[in-house]
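Take a look at the structure below.
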Amino acid sequence: MLFTDFGLHGPYTGQVKAALHQMAPGIPVVDLFADAPVGNPKSSAYLLAAYAEWFAAGTVFLCVVDPGVGGIRPALILEADRRWYVGPGNGLFELVQRRAGTTRSWDIDWKPERLSASFHGRDLFAPVAAMLARGEPPPGRPHKDDSDRQADWPDDLGEIVYIDHFGNAMTGLRVTQLLPAARLVVAGRILERARTFSEREPGTSFWYENSNGLAEIAVNQGRADRELGLSIGVPVEIVS
Amino acid sequence: MLFTDFGLHGPYTGQVKAALHQMAPGIPVVDLFADAPVGNPKSSAYLLAAYAEWFAAGTVFLCVVDPGVGGIRPALILEADRRWYVGPGNGLFELVQRRAGTTRSWDIDWKPERLSASFHGRDLFAPVAAMLARGEPPPGRPHKDDSDRQADWPDDLGEIVYIDHFGNAMTGLRVTQLLPAARLVVAGRILERARTFSEREPGTSFWYENSNGLAEIAVNQGRADRELGLSIGVPVEIVS
Amino acid sequence: MLFTDFGLHGPYTGQVKAALHQMAPGIPVVDLFADAPVGNPKSSAYLLAAYAEWFAAGTVFLCVVDPGVGGIRPALILEADRRWYVGPGNGLFELVQRRAGTTRSWDIDWKPERLSASFHGRDLFAPVAAMLARGEPPPGRPHKDDSDRQADWPDDLGEIVYIDHFGNAMTGLRVTQLLPAARLVVAGRILERARTFSEREPGTSFWYENSNGLAEIAVNQGRADRELGLSIGVPVEIVS
């Protein structure tokens, strides 16, 4: 399962997939997000935690969202509630790790023959993800250092973390943590909750629980991003 | 075969593919259209009918284009000329059904363990498509009601139904239903027919039979959408 | 491996993949570029040559970038350094061929049952690529004519050949052919070399060796295309 900010059209995702098919033949490779918030591990961390939960035990997530291309940060393997995560130690796994019942993590110490300065997704993380997908043990040593943890990030993030293809705006707020009648304030508008789109008149804005449990802002038969002026990072407040 | 308005980059197509791979391992999953006209089952119906014909018997099409997310409409399985279609009964299958030699349809009565309010593509239609792809019988009861049929839709649609990546504009008109010398009028321009792009000077607009039998409007080495001001729903008239 | 200007969302890539899965079951199909420079075989030729090198022997590249849709040009199979290439003889393979140690080429003489005027990618090149992927001999006769060669194209191209998802601008210049301290002049700016993004202050523009050996122009935590005004075809000069 790929969770990256690489995009699908250019060469990055294709080379990662080619590496995975070569090293783990017969195991399906699927893009979960190829357009995670570019260079923004914080927003991405709340998305990843919400979406990874839906997948079966044993799934391997290859995750790369990294503002400091080629900079110094640990290369990690995380096992959390029997799912595997491979990627940079820049906070991207913070919420997965914080919410999981059981976790273990490793610093990758396997080295590829050829490691480019800018494409660890292809050269380092993909081969490691392939090893895990084949059922091999994590090629690393137990991760002791906590420098990659982000203790100051909240449990739920009152911000827009993703705008989807339809213009709907996902927040970093889990609906299970909100009161049923909570209202959300965003861009100067107070939004009520709806159960489904068709409950509201065309053109009305509202929030609802999306199919992965996040509070999401939408306009029935419209684009919430344009009509409300939303983009990643816009703050969202909760009022009751 | 996926025919949706979900887009490829965000999480929707990925979750549908993950569900299919899990329930029908080893069966390839391919996107036919991931950018069918958003929330527009009528335009989509003419596209789907033209493109589905190219595929082999036994192919399963998982189709979701649905303006009324979470609203009330039947969940259908259609068998038409030995191809399978799974999706909402909102007219999306109207032209496939009308043009097919033999058809049978079922109301899905299988229920998933967890059904989200907004993502039937993942929770309901993908598992049903996987069952059909594995060769299992349709999990439903014969569909009797005709409330999903759209008898007032024409056999061929004189409108732009899709703009492709190159800026070419597909119409809902089958070339087999046009006279060989027919001209098309769109956005105030009269267009002659060409057999291929290279028959015309760069910059010239024309129509031609695309590789799936639809009349398509193009500009040699240009973008017809921008140069002629075309978008989905723009009317197209036939003159001889 | 698909290298095309078809885009991913519309029907073209999906139909090519469906044809490949049907004729070469079990062999993975991956998009390398689906957004090669539209109708621009020259820029594409430098990209393809740089990216193909990374792939294993035996890989089959199905390549379609063709301004003269339906026009007259040979349909080719090229074997170069034990990788296979299938596509139009319009210069797209020029740099692969020129840089390879050993090459052989064939004019395709296999004919499909149904050949559309505008979609040779699906009807001709995909079936031929599938035959090669299955290990069959090239379905053609040795290519003798040199009319598809482009002797006047340079060994390295001092132009922008691709803009990626992050706004980075690839040139057609191989870094192995540049002096280590070379500077690049583009859009009136003189750019120094950096090893990695994080070596430079946010907002600084520079060039670096990308993960496939091309000189690439970037802005740390910014978009080089917008900030420097770059697009495909913009000239790039080398100064020392």
Side-chain angles (χ1 to χ4, degrees), chain A residues 2 4-31 33-41 64-73 88 90 112-127 130 133 165-166, chain C residues 1-9 13 26-38 47-48 50-59 61 161-170 175 193-200 202 208-214 216 218-223:
Chain A
L2 304 182
T4 74
D5 62 359
F6 291 165
L8 286 175
H9 293 82
Y12 308 111
T13 295
Q15 288 183 89
V16 165
K17 286 185 183 170
L20 291 168
H21 283 304
Q22 194 157 4
M23 295 194 56
I27 294 175
V29 179
V30 174
D31 300 285
F33 281 88
D35 63 343
V38 170
N40 186 338
V64 190
V65 176
D66 203 5
V69 183
I72 292 161
R73 33 93 192 120
N90 61 10
E113 271 180 51
R114 237 176 24 172
L115 179 66
S116 64
S118 60
F119 200 3
H120 290 187
R122 176 192 71 189
D123 298 336
L124 182 64
F125 298 132
H165 169 68
F166 304 101
Chain C
M1 199 62 43
L2 305 182
F3 180 100
T4 75
D5 62 0
F6 292 165
L8 286 175
H9 293 83
T13 295
I27 295 175
V29 180
V30 173
D31 301 285
L32 172 56
F33 281 89
D35 64 342
V38 171
L47 263 188
L48 175 61
Y51 279 81
E53 268 202 349
W54 180 80
F55 289 89
T59 301
F61 294 85
V161 297
Y162 185 73
I163 307 282
D164 79 7
H165 168 68
F166 304 101
N168 300 336
M170 297 184 194
V175 175
R193 179 177 186 167
R195 207 184 67 86
T196 67
F197 280 58
S198 47
E199 264 186 35
R200 297 296 161 117
Y208 76 110
E209 178 176 357
N210 81 10
S211 52
N212 289 76
L214 293 178
E216 181 170 313
V219 169
N220 191 18
Q221 300 184 30
R223 292 191 62 98

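Heavy atoms only: backbone and side chains are in, while hydrogens, waters and symmetry mates are out. Labels below follow one simple rule: chain letters A, B, ... track the order of the sequence lines, proteins then strands, and each chain is numbered from 1.
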Q.
For C/F33, which atoms come within 4.5 Å of any heavy atom of chain A: side chain, backbone, both, or neither?
A. both
Q) If every non-hydrogen atom of A/Q22 is compared with every non-hydrogen atom of C/A56, which pair is closest and at what distance? A) NE2-CB, 3.4 Å
Q. Quick one: of C/V30, C/L2, C/T59, C/L47, who has the most non-hydrogen atom pairs under 4.5 Å with chain A?
A. C/V30
Q. If you tally heavy-atom pairs under 4.5 Å against chain A, which of C/N210, C/I163, C/L8 wins?
A. C/L8
Q) Mind checking whether C/M1 and A/K17 have side chains closer than 4.5 Å, heavy atoms only? A) no
(Q) Counting heavy-atom pairs under 4.5 Å with chain C, which one of A/G39, A/P25, A/A18 comes out on top? (A) A/A18
Q) What part of C/D164 lies closer than 4.5 angstrom to a heavy atom of chain A: side chain, backbone, both or neither? A) side chain
Q | Heavy-atom closest contact (A/G10 atom, C/Y162 atom, distance) | A | CA-OH, 3.0 Å
(Q) Under 4.5 Å from any heavy atom of chain A, what part of C/Y208 do you find: side chain, backbone, both or neither? (A) side chain
Q. Between A/P11 and C/M170, which heavy-atom pair has the shortest distance, and what is it?
A. CG-CE, 4.2 Å
Q. Where do A/S116 and C/S211 come nearest, in terms of heavy atoms and distance?
A. OG-CB, 3.7 Å
Q.
As a quick check of understanding, evaluate side chain to side chain contact (heavy atoms under 4.5 Å, CB included) for A/R114 and C/W54, giving each step before the final call.
A. CA-CA 11 Å; A/R114 237 176 24 172; C/W54 180 80; 3.3 Å; yes
(Q) Is A/Y12 in contact with chain C via its backbone, its side chain, both, or neither, using a 4.5 Å heavy-atom distance? (A) side chain
Q) Can you find a pair of side-chain heavy atoms, one from C/H165 and one from A/V38, that are under 4.5 Å apart? A) yes
Q. What part of A/D5 gets closer than 4.5 Å to chain C, counting heavy atoms only: side chain, backbone, both or neither?
A. both
